[in-house]
Amino acid sequence: MTLIESPAIRWHGDHLELLDQRALPLATRWLRLDNANDSADAIRDMVVRGAPAIGITAAYAVVLAARALGVKASRETLQPAFAVLAASRPTAVNLFWALQRMQALCDIDGIELVDRLAAEAIQIHEDDRAMNHRLAAFGVPLLGEGKRVYTHCNTGALATGGHGTALGIIRTAWAAGRITGVVAGETRPWMQGARLTSWELLQENIPVTLVVDSAAGHVFKGGDIGAVIVGADRITANGDTANKIGTYNLAVLAKHHGIPFIVAAPLSTIDPALANGDAIEIEQRSAAEVRNIQGVPVAPENVPVFNPAFDVTPAQLISAIVTEHGVIERPDTDKMAAHLASAGNPR
Ligand code: MRU
């Protein structure tokens, strides 16, 4: 039986397994998924998270739906599965990119379509890891030599098909002896930095220091941060970048301290259909995520809460965007378009 695996996603040919990232680092628990509805719930509930990993999961979820339909699989019969997956999380464009790639293959029916969709999902999964390694090679020279790197959220093997985007660059830079370590912001409210990034780095003996998000300014002032490097959930035609809430704060702080601010993302995260970041839908999540930490109340139960999952960093604050195709320094609309064109306009 087929087994295609990466640290957070296992495809078994007839079902999907996801590492339950909500339980990390305290427990390693895999959830079995047999249909598209449960897969959409897993994306919404943060079992799997990170833009590329969400896209890979959605592609496999389409295969689960197609397998259930068998000879009846077609563009029309798969429509409910595409719709439920598209409604799971709104901001990361990789989800919609993967669904569009799968949908584009639906010009045949039946078992032939099921097989074709399965091959495509595996391709999306395997390509992502390879892309991350290419992206890392382009990104390493952008990190200040002999200094630490500051990162936010989790952009590692757990968030992708393996290796990671921003964290992949960090891994490669550490292996090359270019950086001295990492400072990870804890990333309230889901604590991706505390629970996932520090866990991934410790496993590889890469020196990491965890700080609360509000310590960033103080840390930057200290003078030993050579670069801030983050991932992205959607990059618009002009280079504006949606990423985990708090990223914008870091970009402003980095500018003030003269620290390069780098965004690392595959081409599948670029959405040239949106002119700028104002058009990006920002996911709003529940008040309970802010009123509680790991289920423990930390605020009055009736306090009004605003809980945007992402913010948008204007392109003017970004020193460089790194993709698997190269580096866009000081991104703007013309440079983004030229980058996509030279990559063969994949989007
Ligand atoms: O809410 P999450 O954990 O899915 O948010 C993840 C991020 O913001 C990541 O930085 C982004 O998806 C890039 S992951 C390579």
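Remember, it's a predicted structure, so these values are computed and weren't measured experimentally. Order of appearance sets the numbers: ligands from 1, and atoms from 1 within every ligand. Start at 1 with the first residue, then count along the sequence.
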Student: If you measure only the distance, is there a donor-acceptor pair under 3.5 Å linking the side chains of His12 and Thr2?
Tutor: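 No pair is found: no donor N or O on one side chain lies under 3.5 Å from an acceptor on the other.
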Student: Hey, is OH on Tyr248 packed in by over 12 heavy atoms from elsewhere, all under 6.0 Å?
Tutor: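 Not buried by this count: 12 neighbours or fewer within 6.0 Å.
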Student: Do you know which two heavy atoms are closest between Val71 and Ile111, and how far apart they sit?
Tutor: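 For Val71 versus Ile111, the nearest heavy atoms are N-CD1, 3.8 Å.
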Student: Checking the N or O distance criterion of under 3.5 Å, is ligand 1 in contact with Ile54?
Tutor: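 For ligand 1, there is no N or O atom that lies under 3.5 Å from one belonging to Ile54.
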Student: Within the 4.0 Å heavy-atom shell around Met46, which atoms of ligand 1 are there?
Tutor: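 Those qualifying, in numeric order: 1 (O), 3 (O).
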Student: Applying a 4.0 Å heavy-atom criterion (strictly less than), which segment of Trp190 is in contact with ligand 1: side chain, backbone, both, or neither?
Tutor: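 Near ligand 1, Trp190 shows nothing, with every heavy atom at 4.0 Å or more.
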Student: Is it the case that atom CD in Glu112 sees more than 12 heavy atoms from other parts of the structure closer than 6.0 Å?
Tutor: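 Atom CD in Glu112 is not packed in, count stays at 12 or less.
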Student: How far is atom 10 (O) of ligand 1 from its nearest protein heavy atom, and which residue and atom is that?
Tutor: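 Nearest protein contact, heavy atoms only, for atom 10 (O) of ligand 1 is Asn243 OD1, 2.6 Å.
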Student: Would you please determine whether Ala92 falls within less than 4.0 Å of ligand 1 on a heavy-atom basis?
Tutor: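 So Ala92 does not count as touching ligand 1.
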Student: Around atom 13 (C) of ligand 1, find the nearest protein heavy atom and jot down its residue, atom name and distance.
Tutor: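 Here the nearest protein heavy atom works out to Ala232 O, 3.4 Å.
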Student: Give the atom numbers and elements of ligand 1 that come within less than 4.0 Å of a heavy atom of Lys244.
Tutor: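 Near Lys244, meaning under 4.0 Å from one of its heavy atoms, ligand 1 has 1 (O), 2 (P), 5 (O), 8 (O).
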Student: Of all the atoms in ligand 1, which lie at a distance below 4.0 Å from a heavy atom belonging to Thr160?
Tutor: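 Matching atoms, with element in brackets: 15 (C).
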Student: Hey, are Thr241 and Asn243 close enough side-chain-wise for a donor-acceptor pair under 3.5 Å?
Tutor: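 No - no donor-acceptor pair under 3.5 Å links their side chains.
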Student: For ligand 1, which atoms sit closer than 4.0 Å to a heavy atom of Arg89?
Tutor: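 Near Arg89, the atoms of ligand 1 are 1 (O), 2 (P), 4 (O).
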Student: Looking just at side-chain N and O atoms, do Glu5 and Trp11 make a donor-acceptor pair shorter than 3.5 Å?
Tutor: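 Not at all, the side chains of Glu5 and Trp11 share no donor-acceptor pair under 3.5 Å.
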Student: For ligand 1, is any non-hydrogen atom under 4.0 Å from Ala51's backbone (N, CA, C, O), its side chain (CB onward), both, or neither?
Tutor: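 Both backbone and side chain.
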Student: Taking only heavy atoms of Cys153 into account, list the atoms of ligand 1 that are under 4.0 Å away from them.
Tutor: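 Reading through ligand 1 atom by atom, the close ones are 5 (O), 6 (C), 7 (C), 8 (O).
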Student: Looking at Trp30, I'd like to know if the NZ or CZ of Arg10 sits under 6.0 Å from its six-membered ring centre while staying within 45 degrees of the ring's axis.
Tutor: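 Ring-cation test returns yes.
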Student: What are the atoms of ligand 1, with element, lying closer than 4.0 Å to any heavy atom of Gln192?
Tutor: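 Counting from 1, the qualifying ligand atoms are 1 (O), 2 (P), 3 (O).
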Student: Distance to 0.1 Å, residue and atom name: give those for the protein heavy atom nearest to atom 15 (C) of ligand 1.
Tutor: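 The protein heavy atom lying closest is Thr165 OG1, 3.2 Å.
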Student: What protein heavy atom lies closest to atom 7 (C) of ligand 1? Include the residue and the distance to one decimal.
Tutor: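 Of every protein heavy atom, Asp233 OD1, 3.3 Å lies nearest to atom 7 (C) of ligand 1.
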Student: What are the two closest non-hydrogen atoms of Gly161 and Asp128, and how far apart are they?
Tutor: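 Between these two residues, the closest heavy atoms are N-OD2, 2.7 Å.
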Student: Shortest non-hydrogen contact from Met46 to Arg22?
Tutor: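 Heavy atoms of Met46 and Arg22 come nearest at O-CG, 3.5 Å.
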